[in-house]
Amino acid sequence: MGAAMRRIHVGNALSAFGLGFTVPYLYVYVAQVRGLGAMTAGLVLAVFAVAALIVLPFAGRAIVRRGPRPVLLAALVTAALGSLSLGLASNGTTVLLSAAALGAGQAVMQPALATMIVDCSTADTRSRAFAMQFFLQNLGLGVGGLIGGNLVDSTRVDSFTLLFSIEAAVFLLLAVVMATVRMPHSPRIEGAPAQSAGGSWKQLLGNRAMVQLCVLGFVLFFACYGQFESGLSAYGVEAAGISTSALGSALAANTLMIVVAQFAVLKFVERRRRSRVIAGVGLIWAVAWVMAGYAGLGHGSQEMATAAFVSTYALFGLGEAMLSPTVAPLVADLAPSGMAGQYNSAFALVKQLALAVGPAVGGPMGASLHAPYIVTFLLFSLGITGLALRLGRQLTAVQDQPWLGKSRVVARGGAAAEPVGAEA
């Protein structure tokens with residue numbers, strides 16, 4: 001890795017650290033420590049999602065026009081101010097406004113950092129770069145949550161003020177680090193200021209392969225990430241009788257699988273068609289849902305149910321490790337020259353939508369409709385396989401098998417070949 005990529009990966013780790021450092025404790029902080037009640041605490045969590053949905057459509061356009069680094073620096077300063085004010089807030093209005101600033105800043109970091117990775121990588125290094133990003137994000141989330149949990153005390157407001165102040169300092173430190181990154185020249189759209197935001201979105205929606213990838217991405221995030229801490233955990237407790245300690249073990253198994261398998265899996269997927277790798281993830285997750293069904297609907301011992309439930313989370317981790325070097329580079333390779341920021345932001349928007357809808361649908365189903373819940377998400381997983389194979393027919397040979405040639409994002413000059421069946 002070059003110096004720029006090393007700093008970008010430090011940025012990925014620090015941004016994930018900040019997220020894991022405070023978000024798990026927001027509910028306790030708002031509802032109990034500040035005494036604002038469960039309703040306000042729930043609104044704070046909703047504000048995070050709403051703020052992301054509002055700013056992401058504009059973030060992509062800003063990245064295209066200004067470049068990813070200035071947008072990232074603005075997001076980091078916004079998140080730092082939001083975090084600091086959240087630690088000092090004592091009433092509902094201030095808490096909600098602070099959460100909106102923090103949520104908006106954190107949402108914009110993801111596509112900005114992803115676009116910086118695109119600009120600093122080549123077709124040969126991009127999959128490995130995104131695999132490293134995913135690895136460091138999980139590591140940062142885990143370390144941040146561990147340290148944050150040991151700092152807070154629900155009987156002391158000042159412990160949470162310290163927590164949010166440290167998070168703000170981390171974001172400002174990251175801004176300093178990112179300001180030193182020397183970005184290579186990356187293609188920008190000539191005359192971008194004259195093109196309307198609506199025109200750029202119309203261009204994106206006219207890319208049939210990208211639209212299909214967004215639909216696939218929604219199903220991926222809805223059926224996996226959107227269920228981790230909502231529907232699947234509720235199902236485990238209510239249907240399988242999983243204890244809270246066993247649930248913690250299942251989450252740990254997911255993270256451990258990612259950490260252990262990430263780079264071994266990378267060697268496996270680097271020379272395989274991206275569409276077929278994603279299709280394989282759908283099959284792996286289908287097996288995971290079958291294991292979850294056995295845990296809650298089978299008639300084995302409690303030990304067997306717990307083992308099956310932990311295996312479910314581990315299999316999800318294996319699928320995630322396969323997706324990290326596959327989906328994000330594909331988003332970049334589908335983008336026309338200079339439009340990677342727009343495409344990254346659009347895909348981040350799809351992810352946020354799925355993460356907002358997933359718990360709302362899966363939570364009640366997992367808690368009370370046990371068999372329908374398993375069948376529904378088993379079918380969603382099989383749907384991932386079907387959607388991935390269909391997407392493969394829209395991709396060019398280089399987009400599906402990047403080792404055959406240079407990425408269309410980093411290629412200089414010349415028109416990229418249109419996928420078979422794509423509309424003009």
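The first residue of the sequence shown is numbered 1, and numbering continues consecutively from there.
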Whether Tyr373 and Trp289 hold their rings parallel, tilted or perpendicular, with breakpoints at 30° and 60°: perpendicular
Minimum-distance pair of heavy atoms, taken over all atoms of Ala107 and Val55: CB-CG2, 4.3 Å
Heavy-atom closest contact (Ala168 atom, Ser83 atom, distance):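 Reported closest heavy-atom pair: N-OG, 3.7 Å.
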Donor-acceptor contact below 3.5 Å, side chain Ser345 vs main chain Pro57: no
Thr125 side chain vs Ser121 backbone, donor-acceptor pair below 3.5 Å: no
Between Tyr225 and Phe316, ring centroids under 6.0 Å: no
Ring centre gap for Phe309 and Tyr313 strictly below 6.0 Å: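 When the ring centroids of Phe309 and Tyr313 are compared, they turn out to be within the sub-6.0 Å range.
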To the nearest 0.5 Å, what is the distance between [atom1] ([X]) and [atom2] ([Y])?
| X | Y | atom1 | atom2 | result |
| --- | --- | --- | --- | --- |
| Ser311 | Leu318 | OG | CG | 12.0 Å |
| Leu216 | Thr385 | CG | OG1 | 9.5 Å |
| Ile374 | Met365 | CD1 | CE | 9.0 Å |

Between Asn12 and Gln133: side-chain donor-acceptor atoms closer than 3.5 Å: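 Asn12 vs Gln133: donor-acceptor pair found between side chains.
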Gln342 and its side chain to side chain contact (heavy atoms under 4.5 Å, CB included) partner, picked from Arg61, Gln203, Arg65: Arg61
Within 6.0 angstrom of Phe58 CZ, more than 12 heavy atoms from elsewhere: no
CZ (Arg272) with more than 12 external heavy atoms under 6.0 Å: yes
